[in-house]
Structure formats: structure tokens, C-alpha cells
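In each ligand, atom 1 is the first atom listed, and ligand 1 is the first ligand listed.
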Amino acid sequence: MSDTHTQRTRLAPSPTGALHLGNARTFLVNWAIARRERWSIVLRVEDLDGPRVKPEAIEGVCRTLAWLGIDWDTGPLVQSQDLGPCREAMGQLARAGRAYPSAVSRAEVESAASAPHPGDHEVWFGPQLRPAGWGAGRSFEDTGTAWRFVVPEGPEARVGFVDRFAGAQGVDVGGTVGDFVIWTRRGVPAYQLAVVVDDHRQGVTRVIRGDDLISSAGRQLLLWRALGLGPEPEYWHLPLVVGPDGRRLAKRHGDTRVDRYRGLGVPAEAVVGLCAWWCGMTPERRLMSAREFAAGLDVSMMPRAATVMGMEDEAWLHGCASRR
Ligand code: GLU
């Protein structure tokens, strides 16, 4: 066997917004574990979300990762470039009566009686909103209507899995989101479907990402099972970096894009060093190369709770900038 890797992970950046420090930390940890464990790494650019992204944005995200010292074995594979397997998966689900087209609007969903309120802008799409004849096998047609996945009712609506970092999980997909969109009105697969189809066809066996995606893992496992894709990937959901208000790092906390620090003359070793400090690897902030990060990372020392990025972190990065 020429390929000595037995496991494979993926780095899956979205090129819609440049990487910020929280993304950098997750990618560094993912990369470091993979290099230590000798998993292979595929870089997959997830460009299906929102308007068409420009090739420069894709190059930009690769450049930022490489600047940090992160490398990969395969890719970049660009998600939008081959939607054939997603269409095939849609055909399979539609034939099996597990997917149906639905033009029910968000407002109609919201006004449906007694919907529970899941977090994160999601509205519950219960079985009462399914169209007549929803369970019949049909062929998949992409005609500008969204398609939804039939989430099983009863105990199967709750998905259990053991997360390697976050521990045992039970995600109640039926009770929180219900039938979720898998094909969008824009004529592209929704994130949930694209991730499952791509993880499977790219041979991904290890998924490491932020813990804001734990609830998505429930949906992805349901799809994985409905498509009969075999052994499920092992998940590691890591706590996020948050702002002082406890919310996930975002523009409202100021500009924490890696490229901005780079532009200010902050060396990559400062960004990596800050991530190392956030991972509990060092007693204080110091410069560190990606190679040293990979050698020293001890996942068991990582904080179990979200890391708060504070003013001192920002000030420290600025203090590392070369004066030019
Ligand atoms: N592209 C997604 C993001 O940047 C990650 C999806 C995943 O890891 O499954 O948030």
C-alpha cells in the first residue's frame, strides 16, 4: 500500500469571510492532531453558502493557512466544482421517500402553532408542514424549490454519538429543527448535505471543528445513515474563541482577521503562539512556530470551555509587530 495513512481529516474553510483568530486556532489544532497522528489532510473550500465567491477569495484562504504554517496533502478541492454526487444523493433520498420539495416560507413556518424555539436563527419545521404525499418515492428535480429531508419521528429523531473532545452527545433533531433543507432554492445543495456527501467521497474519517456545529452533526449523521454511507466519521468538537461578551468571535468584537495582523507586521509565530496559549500549552504568551505547536499540543490540556479573547491578547499581538 503506497498510502500509509489510515485516517483522513479535512480543513473546511468557508471563503466568505477571511479567517479570524478563532478559525485559526481550530485549524491549527485540527492540523496538529492530524500531523501527529499521521492522518492525511484534505483542504476543502466550502463555497456554496451565499453568493458566488471569487477565485481570489479561495486563493486568499489558502494563503492565510499556509502563512500560519499549515499544510495539506490534497486540495484545495472547491465544493461548487462538482455537484454531481450531491445530485445523485438527492435522487437516492427522493426515490426512498426521504426528501420532498417544499415552498413553505419562513414566515409560514414561524406561524405554525406551538413551534419550540431552537437557537441560532433556526425555525422548527415539524411533520405537520409536510406536503400531502410526502413519503412517496419520486424523482429529484431541481426547479427552484427547496427540498427538505424527512427527519424520522420517535426515538430515531434523537441522534446519539460520542464526541472525542466534547463527550457523549444527544442531538434532538426532530424536536429542534425538524425537516431541514438539503437542497436550496438557489439550485445548490445546502451545507448539511454537501458536507456529508463530500466527507464520504473524500474518505474523511475524522472531523475536527468548532462546537457550534454539534447540532449540525446530528443532522449530518441522520443523512449519513439515510444514504447508507457506512462507518461514520469520528467527531471532535472544540470550544470556540469568544469575545468579552461571551459570543462567538465576529466583526462586532473588532477586526480579528489573521490577514489584518499580518498586514500590521505581526509574525505568524505570534498568532500561533497566542493560539498555543489559548490551548493551555504555555504558561504565558510567546512566539511559537506551527511545527512546535504540532509537537507540543496536548489535547487533554485544552480548556473545556470557550476561550475569551481579551484586550491583552490584542495588545500582545500588536506588541509583536515588526516596526517597519
Ligand atoms: N465551512 C464551515 C465553516 O467554515 C465548516 C463546516 C464543517 O467543518 O463541517 O464554518
Side-chain angles (χ1 to χ4, degrees), residues 7-34 39 41-53 57-58 60-62 64-65 68 70 72 74-81 83 86 89 119-122 159 161 163-166 169 171 173 177 180-182 184 188-224 229 232-242 247-251 256-259 306:
Q7 306 297 343
R8 175 179 267 208
T9 188
R10 77 310 200 270
L11 305 172
S14 299
T16 40
L19 300 187
H20 60 56
L21 293 170
N23 306 129
R25 188 182 76 154
T26 306
F27 285 129
L28 275 165
V29 172
N30 191 350
W31 170 81
I33 294 173
W39 304 343
I41 302 176
V42 52
L43 174 64
R44 180 174 76 223
V45 179
E46 304 208 318
D47 63 338
L48 293 178
D49 208 8
R52 243 191 133 62
V53 301
I58 296 173
V61 81
C62 296
T64 308
L65 290 171
L68 287 168
I70 291 175
W72 50 91
T74 306
L77 306 178
V78 179
Q79 210 163 32
S80 65
Q81 278 175 1
L83 298 179
C86 283
D120 245 11
H121 317 299
E122 233 130 26
V159 182
F161 63 98
D163 190 283
R164 273 297 298 271
F165 190 86
Q169 304 295 319
V171 181
V173 181
V177 288
F180 53 91
V181 173
I182 50 179
T184 70
V188 293
Y191 158 71
Q192 306 293 352
L193 180 74
V195 162
V196 168
V197 168
D198 283 349
D199 280 347
H200 177 257
R201 69 167 157 153
Q202 292 160 4
V204 170
T205 58
R206 299 285 184 266
V207 172
I208 303 183
R209 58 189 181 184
D211 65 9
D212 53 332
L213 292 173
I214 285 190
S215 72
S216 284
R219 274 167 272 179
Q220 291 162 16
L221 283 167
L222 283 180
L223 282 172
W224 194 279
L229 299 180
E232 293 160 7
E234 184 178 276
Y235 291 102
W236 304 52
H237 285 99
L238 310 174
L240 298 178
V241 178
V242 297
R247 293 162 75 188
R248 106 176 77 153
L249 212 55
K251 286 207 185 80
T256 66
R257 288 173 304 133
V258 173
D259 287 349

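- For residues 9-26, the pairs satisfying salt bridge (Lys or Arg N to Asp or Glu O under 4.0 Å) are R10-D199, with sequence neighbours left out.
- A distance of 8.5 Å separates CG in L240 from CG in L213, rounded to the nearest 0.5 Å.
- In this structure, the side chains of P189 and L83 come closer than 4.5 Å at one or more pairs of heavy atoms.
- Contact of the F180 side chain with the L223 side chain is registered, since non-hydrogen atoms from C-beta on lie closer than 4.5 Å.
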Anything under 3.5 Å between an N or O on ligand 1 and a protein N or O? List each pair with its distance, or write none.
unit_1   : atom_1 : unit_2 : atom_2 : d
ligand 1 : 1 (N)  : A12    : O      : 2.8
ligand 1 : 1 (N)  : S14    : OG     : 2.9
ligand 1 : 1 (N)  : E46    : OE1    : 2.6
ligand 1 : 4 (O)  : S14    : OG     : 3.1
ligand 1 : 8 (O)  : R10    : NH1    : 2.8
ligand 1 : 9 (O)  : R10    : NH2    : 2.9
ligand 1 : 9 (O)  : Y191   : OH     : 2.9
ligand 1 : 9 (O)  : R209   : NH1    : 2.7

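- For the pair F27/L68, no side-chain contact is recorded, criterion being any heavy-atom separation below 4.5 Å from C-beta on.
- A heavy-atom distance below 4.5 Å is not found between the side chains of L65 and W31.
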